[in-house]
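Inspection log for the structure reproduced underneath, given as structure tokens.
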There are 2 protein chains.
Amino acid sequence: MTMEFEKIADILKALADPTRLKILSLLRIRDCCVCELVPIFNISQPAISKHLSRLKMAELVRETRKGQWVFYSINEKRLEEIRYALSHLPDLSEELRELEQQGLTVICE
Amino acid sequence: MTMEFEKIADILKALADPTRLKILSLLRIRDCCVCELVPIFNISQPAISKHLSRLKMAELVRETRKGQWVFYSINEKRLEEIRYALSHLPDLSEELRELEQQGLTVICE
DNA sequence: AAACTATATAACCATATTGTTATTTATGCA
DNA sequence: TGCATAAATAACAATATGGTTATATAGTTT
């Protein structure tokens, strides 16, 4: 249920780029193929391709080949998962309890 | 209201690290000072200090000096903002409309 | 004032990220 | 079969990231 810190960080890294966020925003309107995305951005086709690959690795998008085109679609479920993960990060109460037992807790005033 | 792609990406970059996510999870339990966080992680004090500085830049935490200690607290409002931003990314319908006008839209089947 | 504790900053290094151009692979069609 | 188009991969370069150790700064205590 609760996602590991490493896993959450990996998905957030895939999200943490303006180009990839723009791609996701476009895919919210409709599925797009690579050759449609390229003219919208000021970067090369391989760059777009790599961004899509990064998003696919994080399962934020899915790809479907249609003839010579590869269409990408958004995986809204994954985005919902990451929003949920940010609200429900793994619990670290135990770590703070150990800190207290080791007498390393700082108390002031 | 709607946050720019660059701005959202900056905040997501600050979040996209397992150590910083752990720090935020700890601060959800209670405010902590740097010297309490250090023994919980297997990294140096300056490393923790830099992570906190990164979180502060993104306004995900706030700092308060109490005597010789600096206590950090979580800014839940900022986290709520980023969750909202992921649900409401800036609209790019116009970009797709221009694509159609330029005849670059791909239609198959 | 001097010594101690807590935190931040500087300088540095290894690796990751994000772009490029050149090339390869996959599909469609004359 | 051979050529055109779409997309992915390879090789490379510049910059960002995340760690280190050494040092500076801020506050406390003797």
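Just so it is clear: chains get the letters A, B, ... in the order the sequence lines come, proteins before strands, and each one is counted from 1.
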query: Separation of Glu6(A) atom CD from dG18(D) atom P, in whole Å?
result: 12 Å
field: Hydrophobic cluster membership, Leu52(A) vs Trp69(A), 4.5 Å side-chain cutoff
entry: no
- prompt: With a non-hydrogen cut-off below 4.0 angstrom, is Lys13(B) in contact with a base, only sugar-phosphate, or nothing?
  reply: sugar-phosphate
task: Using a cut-off of strictly less than 4.0 Å, decide whether Tyr72(A) has a side-chain nitrogen or oxygen near OP1 or OP2 of dA8(D).
output: yes
- prompt: Closer than 4.0 Å, any side-chain N/O of Ser49(A) to the OP1 or OP2 of dA7(D)?
  reply: no
- prompt: Between Leu12(B) (CG) and dT17(D) (P), how many Å, whole number?
  reply: 13 Å
message: For dG18(D) and Arg20(B) - does any side-chain N or O of the residue sit under 4.0 Å from the phosphate oxygens OP1/OP2?
response: yes
- line: note: Met57(B), atom CE; dT17(D), atom P; distance rounded to Å ~ 14 Å
Test log, rule side-chain contact (heavy atoms from CB on, under 4.5 Å), inputs Leu37(A) and Ile23(A): CA-CA 8 Å; Leu37(A) 295 172; Ile23(A) 290 174; 4.3 Å; yes
message: Without decimals, in angstroms, what is the distance between Asp17(A) CG and dT15(D) P?
response: 17 Å
task: In whole angstrom, give the distance that lies between atom CD1 of Ile107(A) and atom P of dA6(C).
output: 14 Å
query: Given the rule in the salt bridge (charged side-chain N to carboxylate O under 4.0 Å, His left out) test, do Glu59(B) and Lys77(B) qualify, once you have shown the distances and angles that lead to the verdict?
result: CA-CA 9 Å; Glu59(B) 293 179 59; Lys77(B) 210 175 140 210; over 6 Å; no
task: Supply the atom-to-atom distance Leu60(A) CG to Lys56(A) NZ, rounded to the nearest 0.5 angstrom.
output: 13.0 Å
Ala47(A), nearest nucleotide to its side chain (from dT20(C), dG19(D), dT7(C)): dT20(C)
query: For Lys50(B) and Trp69(B), take the nucleotide of DNA chain C holding the closest heavy atom to each; which residue's nucleotide lies nearer the 5' end?
result: Trp69(B)
Minimum-distance nucleotide (side-chain atoms of Ser44(A) versus dT20(C), dG19(C), dA7(D)): dT20(C)
task: Would you please confirm or rule out a distance under 4.0 Å between OP1 or OP2 of dT7(C) and any side-chain N or O of Arg65(B)?
output: no
- request: Side chain of Gln68(B) only, please: which of dA11(D), dA8(C), dT5(C) is the nearest?
  value: dT5(C)
task: Would you kindly give the CG-to-P distance between Leu21(B) and dG18(D), to the nearest whole Å?
output: 11 Å
field: Atom pair distance, as rounded to whole Å: CD in Glu63(B) and C1' in dT9(C)
entry: 14 Å
Value in whole Å for how far the C1' atom of dA7(D) lies from CG of Leu52(A): 10 Å
Note: Arg78(A)-Glu81(A) ion pair, threshold 4.0 Å (strictly below): yes
- prompt: Base, sugar-phosphate, or nothing: which does Glu36(A) touch, judged by heavy atoms less than 4.0 Å apart?
  reply: nothing
- line: Of Pro46(B) and Lys56(A), the one whose closest nucleotide on DNA chain D sits nearer the 5' end is Lys56(A)
- prompt: When the nearest nucleotide of DNA chain C is assigned to Gln45(A) and to Arg54(A) on a heavy-atom basis, which residue is associated with the more 5' position?
  reply: Arg54(A)
